[in-house]
Amino acid sequence: MTTIDAPALIAAAREAARNAHAPYSRFAVGAAVLLTDGSVVTGANFENASYGLSLCAETVALATVNSLGRLRDVVAIGVIGGRIGHADSSPVSPCGRCRQVINEAAQLSGRDIPVFCAGAEGDGIATYRLSELLPLAFGPKDLGFV
Ligand code: THU
């Protein structure tokens, strides 16, 4: 099994956040998803002029993981975020929709996925399990897919 290096995952998320398309919120988010073979898939938030149709970094990264056919191979996720042009160090935790999307990978993989959360800068990392972030989750298990 892959060893989980939380600081490395956060560093990959920070790198991904450099490509955030966030001209409206001016809040850049990066996500990094560790897979069972040690590979890391990243994503950045992708806003658009309609505002409401913006895509979060975690969802972008997990959609790529799905495109690779690897949803069941998700081991851990790192998320960072902060206001563009500020040295924000408060950890960003996934929004409600992203928690539901992470839950899809969690139930399909059979892992209570650890989610590492950090700010755009600083050494602090807050660690949660998905079950803490989304208790009593509804998911593929309820539909008989697991
Ligand atoms: N955002 C994410 O990418 N992930 C989250 O979990 C929280 C919010 C993005 C959406 C939007 O582009 C910006 O951060 C401000 O809400």
Side-chain angles (χ1 to χ4, degrees), residues 2 4-36 38-142 146:
T2 320
I4 300 176
D5 182 345
L9 217 47
I10 289 300
R14 285 201 172 117
E15 186 63 29
R18 290 158 57 95
N19 292 324
H21 177 63
Y24 308 106
S25 71
R26 305 281 302 159
F27 193 86
V29 183
V33 181
L34 177 68
L35 302 180
T36 46
S39 60
V40 173
V41 173
T42 60
N45 55 332
F46 180 23
E47 298 182 349
N48 68 67
S50 73
Y51 290 27
L53 295 178
S54 295
L55 301 173
C56 287
E58 303 92 312
T59 293
V60 168
L62 284 165
T64 302
V65 169
N66 177 57
S67 300
L68 296 168
R70 305 288 303 277
L71 264 192
R72 288 171 175 75
D73 297 339
V74 174
V75 171
I77 299 180
V79 185
I80 72 96
R83 293 169 299 166
I84 294 171
H86 293 73
D88 289 339
S89 57
S90 304
V92 165
S93 71
C95 78
R97 180 174 185 260
C98 287
R99 293 174 194 208
Q100 185 70 37
V101 173
I102 296 168
N103 181 62
E104 194 72 14
Q107 288 196 5
L108 291 177
S109 69
R111 295 182 190 93
D112 191 6
I113 295 174
V115 182
F116 306 114
C117 303
E121 302 202 0
D123 295 331
I125 300 178
T127 303
Y128 305 98
R129 293 275 170 181
L130 182 68
S131 60
E132 293 177 76
L133 297 177
L134 190 67
L136 302 175
F138 174 84
K141 269 187 184 164
D142 296 289
V146 179

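Atoms within each ligand, like the ligands themselves, are counted from 1 in listed order.
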Report, in ascending order of atom number, the atoms of ligand 1 lying under 4.0 Å from any heavy atom of [X].
| X | result |
| --- | --- |
| Glu47 | 11 (C), 12 (O), 13 (C) |
| Phe27 | 13 (C), 14 (O), 15 (C) |
| Glu58 | 2 (C), 3 (O), 4 (N), 5 (C), 6 (O) |
| Pro94 | 6 (O) |
| Val29 | 1 (N), 2 (C), 3 (O), 4 (N), 9 (C), 14 (O) |
| Ser25 | 13 (C), 15 (C) |

### Any side-chain heavy-atom pair of Leu133 and Val115 under 4.5 Å
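Sidechains of Val115 and Leu133: in contact.
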[X] atom [atom1], neighbour heavy-atom count above 12 within 6.0 Å:
| X | atom1 | value |
| --- | --- | --- |
| Phe27 | CZ | yes |
| Arg72 | CZ | no |
| Asp142 | CG | yes |

### Query
Counting heavy atoms only, which of Val79, Val60, Ile102, Asn45 is nearest atom 9 (C) of ligand 1?
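Selected option, by shortest heavy-atom distance: Asn45.
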### Query
From atom 16 (O) of ligand 1, is the closest protein heavy-atom distance below 4.0 Å?
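False for atom 16 (O) of ligand 1.
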### Query
Ignoring hydrogens and geometry, is there a side-chain-to-backbone donor-acceptor pair from Gln100 to Phe138 under 3.5 Å?
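At least one qualifying donor-acceptor pair exists.
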### Message
Taking Ala120's backbone N and O only, do any of them form a donor-acceptor pair with Arg83's side chain (distance below 3.5 Å, no angle check)?
### Response
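No.
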### Mode of Cys56 contact toward ligand 1 - side chain, backbone, both, neither (heavy atoms, under 4.0 Å)
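It is both backbone and side chain that touch ligand 1.
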### Query
Looking only at distance, does Ala57 have an N or O less than 3.5 Å from an N or O of ligand 1?
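Yes, Ala57 has an N/O under 3.5 Å of an N/O on ligand 1.
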### Query
Does an N or O anywhere in Cys95 fall below 3.5 Å from an N or O of ligand 1?
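So ligand 1 has an N or O lying under 3.5 Å from an N or O of Cys95.
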### Query
Measuring from Thr59:OG1 to Asn66:CG, what's the distance to the nearest 0.5 Å?
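These two atoms lie 11.5 Å from each other.
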### Message
If we only consider heavy atoms of Ala22, is any one of them less than 4.0 Å away from an atom in ligand 1?
### Response
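Heavy atoms of Ala22 never come under 4.0 Å of ligand 1.
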### Query
Salt bridge or not for Arg129 and Asp112, using N-O below 4.0 Å?
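Salt bridge absent between Arg129 and Asp112.
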